[in-house]
Engineer: 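Structure incoming, see below.
Computed from heavy atoms alone, side chains included, the values below leave out hydrogens, waters and symmetry copies. What you see is a predicted model; the values in this text were computed from it and never measured. Chain identifiers are assigned alphabetically (A, B, ...) following the order of the sequence lines, protein sequences preceding nucleic acid strands; residue numbering begins at 1 within each chain.
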Amino acid sequence: MNKTLRTEPRRLKGFRDITSADLLARDRMIARIREVYERYGFTPLETPMLEYVDALGKFLPEADQPDGGIFAFRDEDEEWVALRYDLTAPLSRFVAMNPELPKPFRRYQVGPVFRVEKPGPGRFREFYQFDVDTVGTASMLADAECCMIMCDTLEALGILPGDYAIRVNNRKVLSGVVDAVAAHGPVTPETGLTILRAIDKLDRVGVDGVRQLLGPGRRDESGDFTRGAALSAAQIDVVSDYLNVKGTTRVAVCDELQRLIEKSPTGCEGVAELREIDEALSNMEYGVDRVTIDPTVVRGLAYYTGPVFEGVLTFPIVDEEGVSRPFGSVVGGGRYDGLVERFTGQKIPATGTSIGVDRLLAALKTLGRIDTQSTTASVLVTRLDKTLTAEYQRLVGELRAAGIGTELYVGTQGIGKQFKYASDSGKIVAVVIGEDERARGEVAVKDLRLGEELSKNIGADRRQWLEQQPAQLSVARGELIPTIKRILSRYAIG
RNA sequence: GCCGGCGUAGCUCAGUUGGCUAGAGCGUCUGACUGUGGAUCAGAAGGUCGAUGGUUCGAGCCCAUCCGUCGGUACCA
């Protein structure tokens, strides 16, 4: 084909091809998470990947076009549609369309979501979320369960208490802080947002950075300048005091918060909610080693109305290049009492939480907590003598019937290439029958991993090596299945 | 979006102050070896030096723009 006519294979920025090892590992992880969710009584739901932009709440009527940050286009009726950017907005739409659902409605959902964002390490434009939500109750018990289910999930994945932390805060408490700041001088809604943004950046820019962001602004090491909230010194001190709130128990933290924002009715409401969550957690003995109240948690700025929570991994994680990097939050969520109301006009409170599947998976991989086997079959039946194909097929059938994942070599190359293929495609065992074996009623079985290991000192005399084949044994035809099972169990497979 | 680093073979990189047909290792493929992947040896394929324009007798090297990538920062439902 003419070179200029060829199509260059390209892939969209921020999108990935995910190959078998990662996909199999992800499926296993999702299965474990699902088990936990179902144990709490959540049931599955699937909604479309495409939604009308107004249903996602991202249509800008003034501009007559969608908000940035989402993949949107016009359909054949000139309506704006978009790929979902989370699973919460579609859930709200679903609940609004199905008012007869028994409440509280508890569902889980897993699938890809899409955002137009700058891709980074572990950050993509298409990624998996695994959500669990309770719709139709204002009880803090539902929020407390969100925290507990996150603990149970992370622990089911092999992450122990102490290696993770669930941190809880409340948007009403944050409003209370803004109220307290406003007591020392006027605060516009815009400034209120800037204050929350500054608080959110505490772990990245430190206390001094936050103070700069609250005051004149901050210039970072790249020379970029971020405009500040231009608060007075007295106002900045209010936020500083808030950020310094600490306590050895959740109750102690609530007490301190209470003191700081006692003049704000909204703030007090928030603290009271946190106390309820604490009580529910304590009843089930989820201590501060698992769930803490952390006044610095903000979680975005949009639809959350009450408790917000996030889960972080607290141990150091070393990536492939040997660089230790902190592993941001892997789960997050909160209460969104206004989302369904947007459709129906009725207040339907809701709360839920979301797992960043890909990030968590990356963490489990570096931890070695997830099996990264890339093949579904452990055995390759080779075709040494193509005229014996019918026999090979029968053999394959027997192995599969015995529950052993087995692939028949369907290529055309010679036996040498077949061994290489077996090894490269992750098989554990290769099975060979040729004239010799058939005459003796035997089967040759090769342990490919052992062979690989032994070959490290193969020596100069390859002829002798080939004749001996220390990783290979010939067994009676009837012994085939037990022999293979023995080899597989050596590697904890099967 | 803004600021900065980096783009040479599939991968990791060399490439002299701008100067011949752009190199190495690893990997891949082929053969020695049609009943054995991993050893050894021999050989081969693979690059419009990220793209486009410019400076120059001459550009992988200098300049501009764009694209990609990495890092910081902003925004983030």
Side-chain angles (χ1 to χ4, degrees), chain A residues 3-4 8 10-14 51 53 56-58 66-70 82-90 92 113-121 123 125 129 193-194 197-198 200-201 204-205 209 213 217-227 298-304 321 323 325 332-334 336 339 342 354 380 382-386 388 409 413-427 430-438 444-472 474:
Chain A
K3 217 169 177 176
T4 60
E8 164 101 356
R10 297 182 300 163
R11 197 205 310 99
L12 265 61
K13 187 200 336 209
E51 294 274 358
V53 170
L56 296 177
K58 298 302 278 187
D67 199 353
I70 58 173
L83 288 165
R84 63 187 181 200
Y85 59 83
D86 70 7
L87 300 175
T88 309
S92 305
V113 300
F114 305 83
R115 298 180 188 180
V116 183
E117 287 184 324
K118 183 184 145 179
R123 212 172 158 81
R125 291 182 161 195
Q129 286 196 333
L193 289 181
T194 308
R197 277 198 274 262
D200 199 22
K201 286 179 190 128
R204 265 185 299 159
V205 303
L213 287 169
R218 175 173 181 270
R219 185 174 300 281
D220 60 65
E221 61 266 36
S222 77
D224 210 17
F225 183 73
T226 310
R227 239 160 47 102
V298 178
R299 298 246 20 113
L301 295 165
Y303 53 57
Y304 291 123
E321 265 110 58
V323 183
R325 50 174 81 247
Y336 48 98
L339 263 195
R342 209 161 54 77
S354 178
L380 182 78
T382 60
R383 288 198 302 140
L384 174 63
D385 180 346
K386 310 279 195 291
L388 297 179
Y409 181 74
Q413 292 189 287
I415 189 69
K417 290 291 162 52
Q418 297 186 34
F419 274 103
K420 185 166 164 48
Y421 171 76
S423 191
D424 290 348
S425 65
K427 305 291 185 293
V431 172
V432 187
I433 299 180
E435 262 316 312
D436 301 351
E437 285 83 2
R438 203 164 73 112
V445 179
K446 183 164 186 171
D447 179 336
L448 292 163
R449 290 194 187 177
L450 180 62
E452 167 125 50
E453 192 54 37
L454 293 176
S455 73
K456 280 173 185 161
N457 29 32
I458 196 165
D461 193 350
R462 184 163 177 273
R463 276 246 105 82
Q464 195 193 344
W465 170 266
L466 289 179
E467 276 164 27
Q468 289 178 340
Q469 280 301 336
Q472 187 169 318
S474 196

Engineer: Of all the choices, U69(B), U73(B), C29(B), which nucleotide is nearest to the side chain of K13(A) once you look at every atom?
Structural biologist: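 Between U69(B), U73(B), C29(B), the one nearest the side chain of K13(A) would be U69(B).
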Engineer: Report the nucleotide, chosen from G38(B), G37(B), A74(B), that has the shortest atom-to-atom distance to any side-chain atom of Q469(A).
Structural biologist: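 Of the options given, the side chain of Q469(A) lies nearest G38(B).
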Engineer: Can any side-chain N or O of Y85(A) pair as donor or acceptor with the backbone N or O of L56(A) at less than 3.5 Å?
Structural biologist: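 It does hold such a pair.
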Engineer: Any idea which of G72(B), U36(B), A77(B) is nearest the I415(A) side chain?
Structural biologist: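 For I415(A), the side-chain atoms sit closest to U36(B).
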Engineer: For C75(B) and K201(A) - does any side-chain N or O of the residue sit under 4.0 Å from the phosphate oxygens OP1/OP2?
Structural biologist: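 Checking C75(B) against K201(A), a side-chain N or O does come within under 4.0 Å of OP1 or OP2.
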Engineer: Using a cut-off of less than 4.0 Å, is there contact between a side-chain N or O of R197(A) and OP1 or OP2 of C76(B)?
Structural biologist: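 Indeed, a polar side-chain atom of R197(A) lies that close.
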Engineer: Taking only N and O in the side chain of K417(A), is any of them less than 4.0 Å away from OP1 or OP2 of G35(B)?
Structural biologist: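 Indeed not, no polar side-chain atom of K417(A) lies that close.
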Engineer: How many whole angstroms separate atom CZ of F225(A) from atom C1' of G4(B)?
Structural biologist: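 Taking atom C1' of G4(B) as the reference, CZ of F225(A) is at 19 Å.
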Engineer: On a whole-Å scale, what distance lies between the P atoms belonging to G10(B) and C49(B)?
Structural biologist: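 13 Å, rounded to whole Å.
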Engineer: Look at the side chain of R462(A) and decide which nucleotide, out of A74(B), A77(B), A39(B), has an atom nearest to it.
Structural biologist: A39(B)
Engineer: Report the residues that fulfil salt bridge (Lys or Arg N to Asp or Glu O under 4.0 Å) with E435(A), sequence neighbours left out, ordered by chain and then residue number.
Structural biologist: R438(A)
Engineer: Looking at A77(B) and Y303(A): do their rings stack (centroid distance under 5.5 Å, interplanar angle under 30°)?
Structural biologist: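 According to the criterion (under 5.5 Å, under 30°), no, Y303(A) does not stack.
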Engineer: How does RNA chain B look in dot-bracket notation if pairs are Watson-Crick or G-U with both distances under 3.5 Å, crossing ones as [ ], other-strand ones as |?
Structural biologist: (((((((..((((.....[...)))).(((((.......))))).....(((((..]....))))))))))))....
Engineer: Ignoring backbone atoms, test whether R218(A) places a side-chain nitrogen or oxygen under 4.0 Å from the OP1 or OP2 oxygen of G72(B).
Structural biologist: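 The answer is no; no side-chain N or O of R218(A) sits under 4.0 Å from OP1 or OP2.
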Engineer: Among C2(B), G35(B), C29(B), which is the nearest nucleotide to the side chain of K420(A)?
Structural biologist: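 Nearest to the side-chain atoms of K420(A), counting from C-beta on, is C29(B).
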Engineer: Looking at R123(A), I'd like to know whether one of its side-chain N or O atoms comes within less than 4.0 Å of OP1 or OP2 on G71(B).
Structural biologist: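 No, outside the criterion.
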Engineer: Report the residues that fulfil salt bridge (Lys or Arg N to Asp or Glu O under 4.0 Å) with K201(A), sequence neighbours left out, ordered by chain and then residue number.
Structural biologist: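 Residues passing salt bridge (Lys or Arg N to Asp or Glu O under 4.0 Å) with K201(A): none at all.
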